[in-house]
Amino acid sequence: MPAFIEAPNSPQAEEALTLLRVEADSPDLYGVLFFDWYDNLDRLVAGQAASGPPYWSKNGWDISGLPRVEHEGIEFIGPKLPENGNSGWILMRAHIRDTGLGQNTSVALHVRLASLTELLASAGVSGVIDPLLRTPGGIVLDATGRPTEVTGELIEGPSILPGWNLVMSVRPGTILQPIDETRFWLTVTAAVIIVVILAIFFALSRSLRRRVDTLVQGAHSIASGDLYYRLPEGRRRDEISTVAKAFNTMAWQLKDLIDRTVRAEKLAVLGQFATGVAHEVRNPLATMKTTVQALVRKEPDGERKTLLDDMGHQIDRLSRVVNDLLAYGRPGEACPQETEIRDLFRQSSRVLTPVAEEARVRFYTSGDSRLTIFVDPDQVLQILLNIGINAIQACQPGGTVSLRAERHNDQVEIRVTDDGAGIPKEHLLDVVQPFFTMKSKGTGLGLTISQQLVEYNNGSINIESAPQEGTTITLKFPATKSGASKEETSKNAPPDQDSDRR
Amino acid sequence: MEMLKHPVSGCITIIAATFALFAANTAQAERFELGASAQNADAVIGCLYPMTGRSATYGRDSISGIKIALQDLEAEAKSGLDVPNLRVIADDPRSKASYAVRLAQDFITNDNAKFFCGIVSSGVAHAVSDLAKNEKIIMVGTDHASSRLSIEAGHDYYFRVTNDSWTSMAAGARYLRDLQKETGWKRLAFVGPDYDYGHVSWTDLQLALDELGVEYETVGDLWPKLYEPDYSIYINALQSAKADVVVTALWGGDFIAFIKQAASTRFFETTRLANFDTGANYDVMMALGDQPYPGLILSARHHNNWPDTGRNKRFVKQFHDMTGRYPTYAAEGAYTGIIAIARAIEKAGGVDDDRALITALEGLQLALPEDPPGFASYIDPETHQIVQAQAVGTVVHNEDFPPSKLMVGNWAIYDAEDLKPSKEMVKRRRDAVAGGSEAVPPPTP
């Protein structure tokens, strides 16, 4: 070492320089510096971390104003704080013994300041307790070696060198802050949840109320007699929709019940009335008929005879009306028995074919000849005749009326089809009402009586019609078990089944 | 007792002796000898590359780059061209200036080296550059990047053939200028390794930003030491500073460690992190995995996916064929160094005349893998620094270079001439210093 100082170009100095380079190569050191007696920088050995003054430039190198403390013979100079893009440092300097040549020199390790302060990091609690280093100048350094402003409470720590001591910056708020923040956000979240729940509640309540109001309005409408009122069922499958569907079903059933009740009462009243009227009218009519017939026989005047014949016809017509009224008011009890469709169709044909021929209407029957139904044959025959005559009368010449029987599960379906004038849609429900007729000479009791008889025989009646296209009346009666379901058309129908009759 | 009386000098002696013994035992084990034999060589090149520690990848890839250069030269020789017969010796200075100087002296003494090449750390390079100057050995720097080596501390025997910190920061300043127009960033912080390269990079960036007239506020400059394992206090400090943009000069394993540690915080949610000199290196891309952290702005001295030229593709393929992996930028730097020396020898007509070799290197033009179409790198006679273009970009998904799943893309390209320091800048910087070389008494303040 003395050779390095005193004889720079000697081999010993070169060897010392090599050793000093090795020492200076630590990342924690910038270099090794040599000073003369007057603190002037005499020589330096740069380490690989060297940068800035005094290695790059004479500018910015001055140790005269730096704090100095001494500990166990070592002088600590600094800190020199980081500035202008240069790092902070301290010098650890030792005086070299007088070599005898009168030179008093010193050697210093140029130590990276941050290497000292970085050691603080491990002593802290992140964000709560920051260990800091107070330097002799009173400046407080953080873990990166930079001066820091202390805002929180400071707890004095141990001294590491004279004038250098650790201080702990304690920020209890840092512990409480997350809790406070969490509490704040929990409160906000709870408030938001309550608001959202209330909003949902009010929205649901309003929606529910609106829909319940609809139900209430529907109930009021029904109560006030509007049996055709129906609630909108919507596409949803919630309770309200279920109630709406049930409400509508109830409305249908209620209307049906009321209709039936009204009709039943109407029938009862009409029946009594008709029976009374018929009794009172029939006997005088019989007398009048007999009298007219007698007068006709003795009347020589042809014109008067014609008038008397007309009177006789009118009396016949009155008799039919009276008979119908009696039939309506005093229907006979049904006596169901196994009845073959072929018999019914044969008897019907026998009556209807001449009527059809007179009206120049084509009439035929078709279907399974072996079908049997469990009905009162006389009443069903009367039904078929009533409906058949209506059908023929509805047709223009050249029209067609057909009877067709088919089996559907436990029922036999008899369809009476014509291609006549049809029934306007608005009258479809009226045609079964008593005394409603679309014919000039009708009594308006035929279909009413037919419907009554169908119900007595556990059947049902359905009317489908379109104006100018025709009408199909479908009768359904319970089938008997022995009935087969073999389909036969008019082409291969057995001889006893009439077809294509006119 | 002697030690108790003189603790500093005593410690120095003991530590130095230990390190010297350690260096003597291990240096030989890391030595590579490539190219011609000692008897047949026209010139011997002594290279220094790290083979251990965080920067070992750079040394390993540099050796491969040298092998590719020697292969190319051999192919030229076989085709009848008159190329010099080179012998390359490489050794590991263990990132220590002291070892590096000792090894470099051994190259001269034992191997008759005519050139020095390599060196990753600028701190180590300074020491070797001083030796080259004193011993009159031409040094071709291939990796270290402190612009101080070529501007303030430049000398006749020192050349560098990869982008230096000035070039990278000049490109970065232009990128930041354009970014400011887009995002309006204002608060800038810098974090760099606490040695020559880090501090020079920060100076270069400030000068380049000032030259461009970019207005910004510096909210902190932080200096963790080289090979720092824990950056948490620095990351906390950067977050507290609320920087919009953090520029870093951390490199290699240090930069990767910084990114990994920053990613475990909310750093990338609020801050852009730019590394204009080394950040886009392939080892960084691999280390990112499949996480393209938002706000990363990166560049490097060579990219495997830029420029898209046949020369670059060929170099990358040669490297991949040789090693089975893709190169870091160190490979192309080392390749360039050997090619530059070979071309200089060809131009000078031999290795006997130092002045002729220096003249040959000054202005030497080289078509290199990292040159974009229509441009060839050249060595600036004024600073002995190679003049090259630079591309800066952001991280994108790209699995063309497995195992990396990310590469840099969205390139912003900056022309070489724009990135060259002006003569006025060079003069100003050189005039502002007065020496500083080790063992030379500095002027008294």
Side-chain angles (χ1 to χ4, degrees), chain A residues 1 8 17-28 30-32 40-62 64 72-74 82 85-88 92-94 96-97 107-109 112 114-115 118 120-121 126-127 142-146, chain B residues 5-9 11-13 15-17 19-20 23 95-99 101-102 121-124 126-127 148 152-153 190 194-200 202-203 206 220-228 230 232-234 236-237 432-445:
Chain A
M1 190 64 73
L17 177 60
T18 302
L19 295 175
L20 285 167
R21 278 181 182 144
V22 172
E23 170 64 19
D25 253 347
S26 164
D28 297 314
Y30 297 126
V32 180
N40 296 322
L41 188 58
D42 185 40
R43 308 190 72 184
L44 60 82
V45 177
Q48 65 155 308
S51 66
Y55 310 98
W56 289 359
S57 164
K58 64 183 179 181
N59 299 325
W61 177 258
D62 183 9
S64 61
E72 295 184 358
I74 302 296
N86 294 317
S87 305
M92 296 169 62
R93 187 166 74 167
I96 297 176
R97 203 169 37 170
V107 58
L109 300 179
R112 185 173 166 267
S115 291
E118 280 165 359
L120 298 170
S126 179
D142 68 10
T144 67
R146 298 180 303 166
Chain B
K5 286 178 185 173
H6 307 285
V8 175
S9 56
C11 279
I12 289 173
T13 307
I15 295 169
F19 276 33
S95 301
K96 301 282 185 187
S98 51
Y99 296 170
V101 170
R102 171 62 68 89
S121 165
S122 295
V124 176
H126 266 295
R148 217 186 115 70
E152 288 91 340
F190 186 88
D194 192 5
Y195 74 108
D196 181 281
Y197 167 70
H199 289 278
V200 171
W202 178 221
T203 305
Q206 292 175 97
D221 53 310
L222 298 169
W223 307 102
K225 65 187 171 194
L226 186 63
Y227 306 136
E228 170 67 53
D230 179 5
S232 56
I233 59 171
Y234 295 98
N236 286 341
V433 297
S437 186
E438 68 175 22
V440 176
T444 305

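Numbered from 1 within each chain, the chains take letters A, B, ... in sequence-line order.
Once rounded to the nearest 0.5 Å, the distance linking CZ of R102(B) with NZ of K96(B) reads 15.5 Å. With rounding to the nearest 0.5 Å, the separation of CZ in F190(B) from OG1 in T203(B) is 8.5 Å.
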(message) Quick one, L17(A) with V45(A), criterion side chain to side chain contact (heavy atoms under 4.5 Å, CB included). Give me CA distance, side-chain angles, the key distance, then yes/no.
(response) CA-CA 8 Å; L17(A) 177 60; V45(A) 177; 3.7 Å; yes
(message) Determine whether T144(A) and R146(A) satisfy the following criterion, side chain to side chain contact (heavy atoms under 4.5 Å, CB included), listing intermediate values before the conclusion.
(response) CA-CA 6 Å; T144(A) 67; R146(A) 298 180 303 166; 3.0 Å; yes
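Side-chain contact annotation: D221(B) with H199(B), donor-acceptor N/O pair under 3.5 Å absent.
Looking at S121(B), the atoms closer than 4.5 Å to chain A (heavy atoms on both sides) all sit in the side chain, from C-beta outward. Neither the backbone nor the side chain of Q206(B) comes within less than 4.5 Å of any heavy atom in chain A. With a 4.5 Å cut-off on non-hydrogen atoms, W202(B) touches chain A through its side chain but not through its backbone. When heavy atoms are compared at a cutoff of 4.5 Å, L226(B) approaches chain A by way of both its backbone and its side chain. Both the backbone and the side chain of A143(A) have a heavy atom closer than 4.5 Å to some heavy atom of chain B.
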